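Notes to accompany the following structure.
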2 protein chains.
Amino acid sequence: MIADFESFKIQLSLSKIETCRELYRQNTDMIRIKKEEVAVKNLVRIIDSTLRLTYAKGFHAMSLRDLCADSGFSIGGLYAYIKNKEDLIYLIQSHGFMLARRTILAYTNGITDPRDKLLTAVKAHVYLSELMQPWFYFSFMEVKSLPKKQKQEAIAVELEIESIIYDIIEEGMAAGVFRRLNAHLLASLCKAMMQDWYLKRRKYRNQGTSVTQYAEFVGDVLGSYLNPRS
Amino acid sequence: MIADFESFKIQLSLSKIETCRELYRQNTDMIRIKKEEVAVKNLVRIIDSTLRLTYAKGFHAMSLRDLCADSGFSIGGLYAYIKNKEDLIYLIQSHGFMLARRTILAYTNGITDPRDKLLTAVKAHVYLSELMQPWFYFSFMEVKSLPKKQKQEAIAVELEIESIIYDIIEEGMAAGVFRRLNAHLLASLCKAMMQDWYLKRRKYRNQGTSVTQYAEFVGDVLGSYLNPRS
DNA sequence: GTCTATAGCATGATAGAC
DNA sequence: GTCTATCATGCTATAGAC
């Protein structure tokens, strides 16, 4: 079970550098830089800038000159890390997928009580999207323009998350802890609610909603709806 | 109260031509064409094509050449209706706003029972977004890149819709029909759920969910959560 | 009112100096 | 390993024929 946001943050140990090192090692063919230390440090800069600029104006609207200005690179320098603009998408997507999938499953596995399990899945997702908000936002907004293979992967990951929720609901109904209802629809609504946390993050910040408050409210709405009626 | 989707559709009388005529009359300065009949017919073509292409690949990725190919215009011909690419956004946004705001309020005004009113607001929104899906999608995806003034308007319209829901919840709590809870958060979640209908429309079509089924399910989740506890 | 032709510019990508 | 200089392309926008 997830204790609180702060310990989640630590457990996840979302070291960007760590993730980028893994990314570098998997793509030594694409990246021309030989010194791991240098390459990893710069990958972090490139990915950070891309996420920031895409959040501000969209990936297509972001030019590579924009990216260079923001990350402090020159055009030529940048092209040592990618062979074309599309590679930026690949870099960002791949390390995000790894992390997201792993985390959700790690937290839900091993829990048996359906109510606990549902709340944990919701919390894990909302907490994760809080820590990786730029990535979640990027992934959502850019699916449409992704190259075919990555588009399918993105959709598959999303359906996977929804099916984790679906399975928990089904288990709970089978165990008689939840009442019988349309589990597909409820799982979709759950996804929609969790999604809003990273799509409309500024709104929630403005109205002073904390990440824990949000996750628990969503969990409460679901839990209440699933209660067997008297 | 809304009877069913089909009669909603008829009552809305979403005549594209009618809306575009109004749009033409409001912008005779921007549009160089003098014959109303010709202008209106072509505005429909232009708006239709823009929405379709933007849905497929995003507004920035759509070139004016793409738009010409799809709408059957030439570059020069197109520029008789707009003075630059940004004007396309303006055309699309303005007629959408008019229609959306009017409709929701028209349906909810006059209803006194909070439960009825909430369900009606949800239904009106979901039905509306079903009929104007390309516009809602466009509006959501392109807010970021909108020129300042239109960006503010878009955000204002969205908050307005959320506050309609919020007010209904508050009224119901004051009347003792709903139990006391965080109305701001619940209104946000309601918006998030309604929103998913036009953001993930393909998913819902694939899983065979009808627009009425969706709207009623959302209404049911909310209504159930708002029930006073025994 | 609509077309073709083209200007003018910003972009993605490369070559080669250091 | 990083930079500057440059190319080729595709874009928005305009001019002028019909």
Side-chain angles (χ1 to χ4, degrees), chain A residues 20-21 24-25 27-47 49-50 53-54 56-92 142 145-147, chain B residues 20-21 24-25 27-47 49-50 53-54 56-92 142 145-147:
Chain A
C20 284
R21 173 162 298 124
Y24 169 74
R25 287 180 183 164
N27 295 284
T28 38
D29 48 335
M30 170 175 115
I31 301 169
R32 288 210 310 265
I33 311 305
K34 292 301 160 208
K35 283 189 183 167
E36 178 170 302
E37 204 181 337
V38 178
V40 169
K41 189 192 66 183
N42 288 334
L43 269 182
V44 175
R45 280 164 64 196
I46 293 170
I47 291 179
S49 284
T50 306
L53 292 172
T54 299
K57 52 199 300 198
F59 184 73
H60 265 97
M62 174 199 77
S63 73
L64 294 185
R65 282 173 178 83
D66 291 336
L67 179 57
C68 287
D70 190 89
S71 63
F73 262 95
S74 64
I75 289 280
L78 178 67
Y79 271 88
Y81 293 84
I82 53 169
K83 64 179 196 307
N84 55 47
K85 196 181 174 187
E86 219 168 58
D87 279 355
L88 283 172
I89 303 181
Y90 170 76
L91 283 179
I92 289 173
E142 304 305 328
S145 48
L146 255 43
Chain B
C20 285
R21 175 164 294 123
Y24 169 71
R25 287 180 183 163
N27 296 284
T28 39
D29 49 333
M30 171 175 114
I31 301 168
R32 287 211 311 266
I33 310 306
K34 291 302 162 206
K35 283 189 183 169
E36 179 170 303
E37 203 180 338
V38 177
V40 170
K41 188 192 65 184
N42 288 335
L43 271 181
V44 175
R45 280 164 64 196
I46 292 170
I47 291 180
S49 285
T50 306
L53 292 172
T54 299
K57 53 198 306 200
F59 184 73
H60 265 97
M62 174 199 77
S63 73
L64 295 184
R65 285 178 177 86
D66 291 338
L67 179 55
C68 287
D70 190 89
S71 62
F73 261 95
S74 64
I75 290 277
L78 178 66
Y79 270 88
Y81 292 84
I82 53 169
K83 65 178 196 309
N84 55 48
K85 196 182 174 186
E86 220 167 58
D87 279 355
L88 283 172
I89 302 182
Y90 171 77
L91 284 178
I92 289 172
E142 303 305 326
S145 47
L146 254 43

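Per chain, numbering begins at 1; letters A, B, ... match sequence-line order. Since the model is a prediction, treat every value here as computed from it, not as a measurement.
- Put simply, the side chain of Lys34(A) never gets that close to the backbone of Ala39(A): no donor and acceptor are under 3.5 Å apart.
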If you apply the rule side chain to side chain contact (heavy atoms under 4.5 Å, CB included), what do you find for Ile75(B) with Arg65(B), and how did you get there?
CA-CA 7 Å; Ile75(B) 290 277; Arg65(B) 285 178 177 86; 4.3 Å; yes

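- Not counting sequence neighbours, the partners of Asp66(A) by the side chain to side chain donor-acceptor pair (under 3.5 Å) test are Lys57(A), Ser63(A).
- Using a 4.0 Å cutoff to heavy atoms of chain B, the contacted part of DNA chain C runs 5' to 3' from dG1(C) to dT4(C).
- Applying the ring-ring contact (aromatic ring centres under 6.0 Å, His included) rule to Phe73(A) yields the partners Tyr81(A); only residues at least two apart in sequence or on another chain are considered.
- A heavy-atom distance below 4.0 Å to DNA chain D is reached by these residues of residues 74-85 of chain A, ordered by number: Ser74(A), Gly76(A), Gly77(A), Tyr81(A).
- Residues passing the side chain to side chain donor-acceptor pair (under 3.5 Å) test with Tyr90(B), sequence neighbours excluded: Asn27(B).
- Taken to the nearest 0.5 Å, the NE2 atom of His60(A) stands 6.0 Å off from the NZ atom of Lys85(A).
- For the contact set between residues 28-40 of chain A and DNA chain C, defined by any heavy atom under 4.0 Å, there are no members.
- Evaluation of the salt bridge (Lys or Arg N to Asp or Glu O under 4.0 Å) rule for Lys83(B) yields Asp87(B) as partners, not counting sequence neighbours.
- With sequence neighbours excluded, the residues forming a side chain to side chain donor-acceptor pair (under 3.5 Å) with Arg45(B) are Asn42(B), listed by chain and number.
- With sequence neighbours left out, Arg25(A) forms a side chain to side chain donor-acceptor pair (under 3.5 Å) with Glu36(A).
- Take Ala80(B) and apply the side chain to side chain contact (heavy atoms under 4.5 Å, CB included) test, not counting sequence neighbours, and it matches Arg32(B), Ile33(B).
- Ser49(B) meets the side chain to side chain contact (heavy atoms under 4.5 Å, CB included) test with Arg52(B), Leu67(B), Asp70(B), Ser71(B); sequence neighbours excluded.
- A heavy atom lying under 4.0 Å from DNA chain D marks the following residues of residues 60-67 of chain B, by number: Met62(B), Ser63(B), Leu64(B), Arg65(B).
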Residues Met30(B), Leu91(B); criterion side chain to side chain contact (heavy atoms under 4.5 Å, CB included); working and verdict:
CA-CA 10 Å; Met30(B) 171 175 114; Leu91(B) 284 178; 3.6 Å; yes

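- The residue Asp87(B) sits apart from the nucleic acid: no heavy atom pair falls under 4.0 Å.
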